[in-house]
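Below you'll find the structure, written out as structure tokens, and then a few comments.
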Amino acid sequence: MELNNVDNFKHWDKWKKTLARAVNISESIGLSDKTIENFAYKIGNILSANVDPENREHRLLKELWTLSDESERHVLSKLIVKMVQNTNLH
């Protein structure tokens, strides 16, 4: 998996597929939905603080993240996980 490849995060579809693979692997090793969502929340905090959005979708996510309180960020994390679970990996 290419999580360390920054180019995967520049393009929305590649970004979703990369996250989908990570969620898929997490589920296959038996991590609970709650654990996966907690990872997504932590990653969201890191990305929001350290990564400049490179496309309109990422800018929207960053704006939503910035405007949200902790509870809303957990909801947003859960929704992003749910979204990528339905992403076609092919």
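The first residue in the sequence is number 1, and the count goes up from there.
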Supply the atom-to-atom distance Asn24 CG to Ile29 CD1, rounded to the nearest 0.5 angstrom. 11.0 Å

Trp12 side chain near Arg56 side chain, heavy-atom distance below 4.5 Å: no

Only one of Ile80, Asp33, Ile36, Thr18 clears side chain to side chain contact (heavy atoms under 4.5 Å, CB included) with Val23; which? Ile36

Parallel, tilted or perpendicular: ring planes of His58 versus Trp15, cut at 30 and 60 degrees: perpendicular

Can you find a heavy atom in the side chain of Ile43 that is under 4.5 Å from one in the side chain of Leu19? no

How many angstroms lie between atom CG of Leu64 and atom OG of Ser48, to the nearest 0.5 angstrom? 10.5 Å

Is it true that, when you exclude Lys78 itself, more than 12 heavy atoms of the residues, nucleotides or ligands shown sit nearer than 6.0 Å to its NZ? no

Treat each ILVMFWY residue as a node, draw an edge where side-chain heavy atoms are under 4.5 Å apart, and state whether Leu76 and Met83 are in one component. yes

Do Val81 and Leu60 belong to the same hydrophobic cluster, where Ile, Leu, Val, Met, Phe, Trp and Tyr are linked whenever their side-chain heavy atoms lie under 4.5 Å apart, directly or via other members? yes

Do Asn45 and Arg73 come close enough that some side-chain heavy atom pair is under 4.5 Å? yes

If you measure from OG1 on Thr35 to CD on Glu27, what distance do you get to the nearest 0.5 Å? 11.5 Å

Has Glu72 got a side-chain atom pairing as donor or acceptor with Asp69's backbone, closer than 3.5 angstrom? yes

Can you confirm whether more than 12 heavy atoms, excluding those of Glu63, are under 6.0 Å from its CD atom? no

All heavy atoms of His74 vs all of Asn38, minimum pair found to be CE1-OD1, 3.9 Å

What's the verdict on side chain to side chain contact (heavy atoms under 4.5 Å, CB included) for Lys16 and Glu57, showing C-alpha distance, side-chain angles and the deciding distance? CA-CA 11 Å; Lys16 282 180 27 179; Glu57 295 89 352; over 6 Å; no

What is the distance from atom CH2 of Trp65 to atom CG of Leu47, rounded to the nearest 0.5 Å? 9.0 Å

